[in-house]
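Everything below concerns the one structure shown next.
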Amino acid sequence: MACEKIIQKDWYKILDAKPSDSLAELKRKYQRLALQYHPDKQKADVPAGEVEERVQRFIEIDQAWKILGNEETKKEYDLQQREANLTKEWPLHAQISLEDMSWNEDEQCYTLSCRCGGNYTVFRSETRDVSLVCCDTCSLVIEIL
């Protein structure tokens with residue numbers, strides 16, 4: 001079965017924000033843009049085509065805030081973005097299931113040796129959230145199935 005990646009919008013770009021911005025900063029940027037593009041705040045002499053573009057922009061701004069304004073959905077989105085960036089920038093070494101990795105009871109983590117001599121490590125608390133793991137020494141990445 002082929003695995004398809006869903007291309008998502010860059011919600012940070014839509015809000016003219018950065019992932020490092022605080023929730024208060026994200027809210028401030030959202031409010032500024034929402035006021036600027038809100039359909040009720042548009043001038044009467046704006047051409048119809050531009051009105052539609054501005055309404056679409058407002059809808060995107062609102063969607064961005066719904067995702068980035070909630071800590072849980074923001075965290076999930078950030079993880080998805082990080083994964084997408086890793087697959088673009090770093091070579092995928094292998095696809096591995098957790099059962100193929102060694103379990104370390106003391107540290108509560110799974111490990112796998114990399115060909116460079118480094119290790120891939122997945123802590124028990126991360127097993128649900130992580131699908132790509134970087135080697136701690138080189139630039140190789142494994143995908144956890």
Side-chain angles (χ1 to χ4, degrees), residues 1-43 46-114 118-145:
M1 175 189 303
C3 184
E4 293 183 24
K5 296 273 186 199
I6 297 171
I7 305 295
Q8 289 191 344
K9 293 184 179 185
D10 185 342
W11 300 121
Y12 288 107
K13 186 175 181 180
I14 290 169
L15 289 184
D16 194 24
K18 300 181 294 275
S20 59
D21 286 348
S22 68
L23 192 58
E25 182 71 11
L26 290 170
K27 185 176 184 178
R28 187 185 66 72
K29 290 178 179 185
Y30 159 72
Q31 288 174 332
R32 178 181 53 81
L33 290 169
L35 279 174
Q36 182 179 346
Y37 288 95
H38 195 284
D40 293 344
K41 301 290 183 185
Q42 302 309 308
K43 296 178 182 167
V46 175
E50 189 176 324
V51 168
E52 183 60 31
E53 285 177 25
R54 295 177 76 80
V55 167
Q56 287 304 317
R57 177 88 166 103
F58 176 76
I59 291 169
E60 283 186 334
I61 291 164
D62 192 55
Q63 289 174 329
W65 174 245
K66 285 178 180 167
I67 291 169
L68 300 178
N70 176 298
E71 284 187 40
E72 211 43 47
T73 55
K74 180 182 183 300
K75 179 181 175 184
E76 186 177 315
Y77 174 72
D78 289 345
L79 282 171
Q80 291 170 356
Q81 289 297 99
R82 183 171 179 263
E83 180 179 321
N85 289 338
L86 280 175
T87 56
K88 280 188 254 176
E89 298 170 10
W90 295 35
L92 188 62
H93 176 192
Q95 293 180 315
I96 306 287
S97 69
L98 283 176
E99 292 79 31
D100 295 331
M101 298 177 79
S102 300
W103 173 248
N104 182 324
E105 188 67 38
D106 294 337
E107 296 192 29
Q108 295 288 295
C109 66
Y110 294 92
T111 58
L112 179 73
S113 294
C114 179
N119 285 304
Y120 300 101
T121 304
V122 180
F123 291 94
R124 173 176 269 159
S125 61
E126 299 173 327
T127 55
R128 289 184 185 265
D129 299 329
V130 173
S131 62
L132 295 174
V133 181
C134 299
C135 173
D136 61 8
T137 306
C138 72
S139 63
L140 292 177
V141 174
I142 59 170
E143 181 177 17
I144 305 295
L145 302 175

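Since the structure is predicted, the reported quantities are computational estimates derived from the model, not experimental observations.
Closest non-hydrogen pair, Ala64 versus Leu15, comes out as CB-CG, 3.7 Å. The shortest non-hydrogen separation linking Tyr77 to Lys9 is OH-O, 3.0 Å. Here the closest heavy-atom approach between residue Cys114 and residue Leu140 is recorded as SG-CD1, 3.9 Å. In terms of heavy atoms, Tyr30 sits closest to Ile61 at CD1-CG2, 3.6 Å. Scanning both residues, Glu105 and Gln108, for their nearest heavy atoms gives O-NE2, 2.8 Å. Minimum heavy-atom separation, Thr137 to Gly118: OG1-CA, 3.2 Å.
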Report task. Could you go through the side-chain contact (heavy atoms from CB on, under 4.5 Å) check for Tyr120 and Leu132 one step at a time? Result -> CA-CA 10 Å; Tyr120 300 101; Leu132 295 174; over 6 Å; no
Query raised in the report: Yes or no on side-chain contact (heavy atoms from CB on, under 4.5 Å) for Lys27 and Trp65, after CA distance, side-chain angles and deciding distance?
Result: CA-CA 8 Å; Lys27 185 176 184 178; Trp65 174 245; 3.4 Å; yes
Query - Derivation of the side-chain contact (heavy atoms from CB on, under 4.5 Å) call for Asp16 and Arg32 - result: CA-CA 10 Å; Asp16 194 24; Arg32 178 181 53 81; 4.0 Å; yes
Requested in this report: Could you give me the CA-CA distance, side-chain angles and deciding distance for Trp103 and Arg124, then say whether side-chain contact (heavy atoms from CB on, under 4.5 Å) is met?
Outcome: CA-CA 9 Å; Trp103 173 248; Arg124 173 176 269 159; 3.6 Å; yes
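Between the CG atom in Leu35 and the CG atom in Asp40 there is a gap of 11.0 Å [rounded to 0.5 Å]. The distance from atom CD of Gln81 to atom CG of Asp10, rounded to the nearest 0.5 Å, is 6.0 Å. Here the CZ atom belonging to Arg57 is positioned 5.5 Å from the CG atom belonging to Leu33, to the nearest 0.5 angstrom. Atoms OG and CD1, on Ser131 and Ile144 in that order, are 8.5 Å from each other to the nearest 0.5 Å. Taken to the nearest 0.5 Å, the CG atom of Leu68 stands 10.0 Å off from the CG atom of Asn70. Note: Ile14 CD1 to Lys29 NZ = 14.0 Å, rounded to the nearest 0.5 Å.
For the pair Met101 and Ile142, the minimum side-chain heavy-atom distance is below 4.5 Å. A 4.5 Å side-chain heavy-atom check between Thr73 and Lys66 finds every atom pair outside the cut-off. Taking the side chain as every heavy atom from C-beta outward, Glu107 and Thr121 never approach each other to under 4.5 Å.
By the neighbour-count criterion of 12 heavy atoms within 6.0 Å, atom CD of Glu50 is densely surrounded, having more than that number from other residues, nucleotides or ligands. Heavy atoms from other residues, nucleotides or ligands lying under 6.0 Å from CD of Glu71 number 12 at most. More than 12 non-hydrogen atoms from other residues, nucleotides or ligands lie less than 6.0 angstrom from NZ of Lys74.
Looking at Asp78 and Lys75, no side-chain N of the basic residue comes within less than 4.0 Å of a carboxylate O on the acidic one, giving no salt bridge.
Side chain of Asp136 to backbone of Asn119: a donor-acceptor contact under 3.5 angstrom is found.
Applying the side-chain contact (heavy atoms from CB on, under 4.5 Å) rule to Ser102 yields the partners Thr111; only residues at least two apart in sequence or on another chain are considered. Tyr37 is linked by a side-chain hydrogen bond (donor to acceptor under 3.5 Å, both in side chains) to nothing, counting only residues two or more places apart in sequence or in another chain. Under the rule for a side-chain hydrogen bond (donor to acceptor under 3.5 Å, both in side chains), the partners of Ser97 that lie at least two apart in sequence or sit in another chain are Glu99, Asp100.
Between the side chains of Gln56 and Glu60, not a single donor N or O lies within less than 3.5 Å of an accepting N or O.
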